[in-house]
Amino acid sequence: MDEDIDTLVRRVDEDRWLASRFAPAQVRARLTAIYAVNYEIARTAEIVREAGIGHIRLAWWREALQEIAQGAAPRAHPVLEAYAAAASGVSLPAAAWDAMIEARELDLEAAPFASWADVDAYLDATAGNVMRLALAACGAPREERGLVEPAARAWGYVGLLRAQPAWKARGREILPLENGSVEKMMARADQAHLAARAMTVTSVAFPAFGYVALAPVYLRGLRRGQISEPLFSRQLRLVAAAATGRI
């Protein structure tokens, strides 16, 4: 890999990277390592042509992360090496990776989600477990973890909506097949964000959650037909959210 882990995460997951800047240097290293592993797992469906190959790749990541959790040396992969170094001396929930990888197997299927309950379960296992790992990396108190469900849904709904053009280009519809599914997902994202915003985020936990403050920014853009937002406006939103503790 020609770029370091921090540079990689800034390129592929800039919003989480921006929120991680509010953490001390050691915590930032943990967060970027977690996000780099998440990126490698999440992009499986994008880089394989056959579902069987995708399942093999996901199994490789599952086994590699389990080995690190058991104290073994990491496999020869720069992201795993960075994660092993970052995870040393801190208790990260290894089961979160297993649940996330199991959910990512759904990305390899051609069928859309059958129901909104299935979407919610997928988001809790993917976006939610990224947040659980990040919270542990930040050393946040357990009380903060009650924010995970609404925050994961708010961010996850927005992510699915923004990714929809890419999925369609690969010939797949991911939203439940019903009239007005896009509008319903936007409404569910709004509701989830309001629930998350009703809770106060401590400065310790903010780097693990802060990027969720950008969900309404993206939703406004999506309603205008755009999937990206200027960096400066996102930075301002994050600074305001960090100052108030409201995402």
Side-chain angles (χ1 to χ4, degrees), residues 1-108 122-140 145 148 152 155-156 159 163 205 207-211:
M1 186 175 293
D2 294 330
E3 55 190 342
D4 64 33
I5 300 304
D6 195 72
T7 303
L8 168 70
V9 173
R10 184 174 190 178
R11 177 173 61 83
V12 301
D13 199 351
E14 189 174 53
D15 294 326
R16 286 191 176 105
W17 182 88
L18 288 170
S20 75
R21 302 304 94 178
F22 291 85
Q26 184 178 25
V27 175
R28 285 201 303 271
R30 293 175 193 158
L31 291 173
T32 52
I34 288 167
Y35 298 151
V37 175
N38 176 61
Y39 164 69
E40 291 290 347
I41 292 168
R43 74 189 185 108
T44 296
E46 300 176 13
I47 64 174
V48 300
R49 292 183 178 273
E50 299 178 9
I53 301 299
H55 287 297
I56 291 171
R57 187 176 192 275
L58 290 173
W60 187 91
W61 279 96
R62 180 188 291 111
E63 293 165 4
L65 290 164
Q66 288 172 346
E67 289 167 3
I68 292 172
Q70 293 163 4
R75 298 183 182 185
H77 190 291
V79 167
L80 284 173
E81 291 164 358
Y83 175 75
S88 178
V90 63
S91 178
L92 298 178
W97 290 120
D98 291 338
M100 183 192 304
I101 291 169
E102 182 178 355
R104 284 294 178 185
E105 292 177 347
L106 297 173
D107 294 350
L108 303 170
Y122 172 84
L123 296 180
D124 185 62
T126 53
N129 277 320
V130 172
M131 291 177 184
R132 292 182 184 96
L133 286 156
L135 280 170
C138 290
R145 298 176 194 185
V148 168
W155 190 248
F209 280 129
Y211 54 89

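Worth knowing before you read on, the calculation uses all heavy atoms, side chains too, and leaves out hydrogens, waters and symmetry mates. Positions are given from 1, in the same order as the sequence printed here.
Of all heavy-atom pairs spanning A33 and Y83, the tightest one is CB-CA, 3.7 Å. Listed here is the closest heavy atom pair of L8 and Y39: CD1-CE2, 4.1 Å. Smallest separation of non-hydrogen atoms from R62 and E105: NH2-OE2, 3.4 Å. Of all non-hydrogen atoms in L135 and A208, the two that sit nearest each other are N-CB, 3.8 Å. The minimum heavy-atom distance linking T32 with S20 is given by the pair CG2-OG, 4.2 Å.
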Q) Under the side chain to side chain contact (heavy atoms under 4.5 Å, CB included) criterion, do Q66 and D98 qualify, and how do the steps go? A) CA-CA 8 Å; Q66 288 172 346; D98 291 338; 3.3 Å; yes
Q: Evaluate side chain to side chain contact (heavy atoms under 4.5 Å, CB included) for W17 paired with L31, printing each intermediate quantity in order.
A: CA-CA 8 Å; W17 182 88; L31 291 173; over 6 Å; no
Q) Under the side chain to side chain donor-acceptor pair (under 3.5 Å) criterion, do Y122 and R104 qualify, and how do the steps go? A) CA-CA 8 Å; Y122 172 84; R104 284 294 178 185; 2.8 Å; yes
(Q) Apply side chain to side chain contact (heavy atoms under 4.5 Å, CB included) to residues I41 and V37 and explain how you reach the verdict. (A) CA-CA 6 Å; I41 292 168; V37 175; 3.8 Å; yes
**Q.** Residue pair R132, D124: steps toward the salt bridge (Lys or Arg N to Asp or Glu O under 4.0 Å) verdict
**A.** CA-CA 10 Å; R132 292 182 184 96; D124 185 62; 2.8 Å; yes
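Listed by chain and number, the residues in a ring-ring contact (aromatic ring centres under 6.0 Å, His included) with F22 are F206 (sequence neighbours excluded).
With hydrogens and angles disregarded, a donor-acceptor distance shorter than 3.5 Å links the side chain of N129 to the backbone of A125.
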Side-chain donor/acceptor pairs under 3.5 Å, residues 50-57, sequence neighbours excluded:
| residue | atom | partner | partner atom | Å |
| --- | --- | --- | --- | --- |
| R57 | NH1 | E40 | O | 2.6 |
| R57 | NH1 | T44 | OG1 | 2.9 |
| R57 | NH2 | E40 | OE1 | 3.0 |

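Of the charged side-chain nitrogens involved, none lies within less than 4.0 Å of a carboxylate oxygen, so that D107 and R43 do not count as a salt-bridged pair.
Because its NZ or CZ atom is both nearer than 6.0 Å to the ring centre of W60 and within 45° of the ring axis, R75 counts as a cation-pi partner of that residue.
Within 6.0 Å of CD on E14 lie more than 12 heavy atoms contributed by other residues, nucleotides or ligands.
Rounded to the nearest 0.5 Å, atoms NE2 (H77) and CH2 (W61) are 4.0 Å apart.
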